[in-house]
2 protein chains.
Amino acid sequence: MGSSKNDLFTSEQNRIAELAKALGHPARIAILEYVIRKNACVCGDIVDELPLSQSTISQHLKALKMAGILQGNVEGAKICYCINPKVWTELNTLMSHFFKTYTNCC
Amino acid sequence: MGSSKNDLFTSEQNRIAELAKALGHPARIAILEYVIRKNACVCGDIVDELPLSQSTISQHLKALKMAGILQGNVEGAKICYCINPKVWTELNTLMSHFFKTYTNCC
DNA sequence: TTTTTTAATCGTAATATTGCGATTAGATAA
DNA sequence: TTATCTAATCGCAATATTACGATTAAAAAA
């Protein structure tokens with residue numbers, strides 16, 4: 001027990017949940033906002049921007065990369081993070097479709 | 001340690017993360033889809049619909065209620081769940097605004 | 001009344017997440 | 001070469017999540 005039973009749900013349900021989960025921490029929202037605000041690939045100065053340790057931020061970056069939302073491109077010793085446009089579109093599409101399925105009833 | 005440091009982030013960052021986290025499990029997506037598909041307030045037959053135990057579903061319902069996404073209205077012995085329209089709009093607004101902040105750069 | 005139904009909560013166990021310091025590996029600089 | 005910088009990973013601890021059976025409280029039915 002303790003782990004979620006992903007095999008019981010559709011792949012779309014699992015994918016929405018996976019992407020939402022990746023957004024489910026304020027530090028990861030802050031990271032994405034920062035990467036977007038810089039409007040370019042941003043290297044490890046995220047660490048200077050957020051009040052969290054380097055290892056913690058690296059973990060959050062990993063979570064965002066695992067979901068596919070962020071890309072990391074190696075640039076010498078530094079690594080350049082940016083939004084993965086395809087996954088961003090996927091996220092937008094899945095969410096807005098999900099939102100549209102509801103129209104007031106109560 | 002172990003708990004997230006919500007006080008380090010803006011209330012908007014925390015709220016987006018809180019709502020996203022509530023969507024961050026396939027069972028909760030399935031619950032919302034079911035409630036929406038019924039296009040009306042739905043009572044506890046969610047338990048018959050999903051392959052999870054009554055107590056587990058009750059926990060997921062609690063998570064959705066805590067985030068405000070679901071409302072539960074007492075109807076005799078049964079409880080009637082439906083989407084909270086205000087929070088649904090809030091969710092839609094926050095997410096679509098968040099999505100719009102990004103335009104391709106890389 | 002007693003019985004049944006409904007949904008929340010309790011108790012427990014397994015697993016996941018969050019966070020940080022320390023270490024590591026690879027690239028760059030001196 | 002050695003030193004430094006960068007970012008991932010390791011190891012650990014605290015806490016949260018997920019899941020289920022059992023119990024509970026309240027309403028409805030018999």
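Lettering follows sequence order; numbering is per chain, from 1.
The shortest side-chain heavy-atom distance between A:Leu8 and B:Leu50 does not fall under the 4.5 Å cut-off.
Where A:Ile79 and B:Ala77 meet DNA chain D, the nucleotide closest to each residue was compared, and A:Ile79 sits on the side nearer the 5' end. Projected onto DNA chain C by closest heavy-atom contact, A:Leu52 and A:Gly76 fall at different nucleotides, the more 5' of which corresponds to A:Leu52.
The side chain of B:Ser55 approaches D:dA22 more closely than any other nucleotide in the set D:dA22, D:dT18, C:dT18. Listed nucleotides: C:dT17, D:dA28, C:dT28. Nearest to the side chain of A:Lys21: C:dT17. Side chain of A:Lys78, nearest nucleotide from C:dA7, D:dA7, C:dT9: D:dA7. In the set C:dA7, D:dA28, D:dT9, C:dA7 carries the atom at the smallest distance from any side-chain atom of B:Gln54.
Contacts with DNA chain D (heavy atom under 4.0 Å) in residues 57-67 of chain B: B:Gln59, B:His60, listed by number.
Salt-bridge check for A:Lys21 with A:Glu18: failed, with every basic side-chain N at 4.0 Å or more from each acidic carboxylate O. Checked for salt-bridge contact, A:Lys38 and A:Glu49 miss the test: no charged N lies under 4.0 Å from a carboxylate O.
Going from atom CG of B:Asn73 over to atom P of D:dA26 covers 19 Å, rounded to whole Å. Distance, B:Arg28 CZ to D:dA16 C1': 12 Å, rounded to whole Å. The interatomic distance linking A:Gln71 (CD) with D:dA7 (P) rounds to 17 Å, in whole Å. Here the P atom of nucleotide D:dT18 and the CG atom of B:Leu50 are 14 Å apart, to the nearest Å. If you measure from atom CD of A:Glu49 to atom C1' of D:dA7, you get 18 Å, rounded to the nearest angstrom. Rounded to an integer number of Å, the gap from A:His25 NE2 to D:dA16 P is 11 Å.
The aromatic rings of B:His25 and B:His60 lie tilted to each other, with the angle between the two planes from 30° to 60°.
For the residue pair B:Ser58/B:Ser55, the side-chain donor-acceptor check at 3.5 Å is not satisfied. Side chains of B:Asp45 and B:Tyr34: a donor-acceptor N/O pair is present below 3.5 angstrom, by distance only.
An OP1 or OP2 oxygen of D:dC20 is reached within less than 4.0 angstrom by a side-chain nitrogen or oxygen of B:Thr56.
Within 3.5 Å, no donor on the side chain of A:Ser53 pairs with an acceptor on the base of C:dG19, nor the reverse.
Here the CD atom belonging to A:Glu90 is positioned 9.0 Å from the CD1 atom belonging to A:Ile69, to the nearest 0.5 angstrom.
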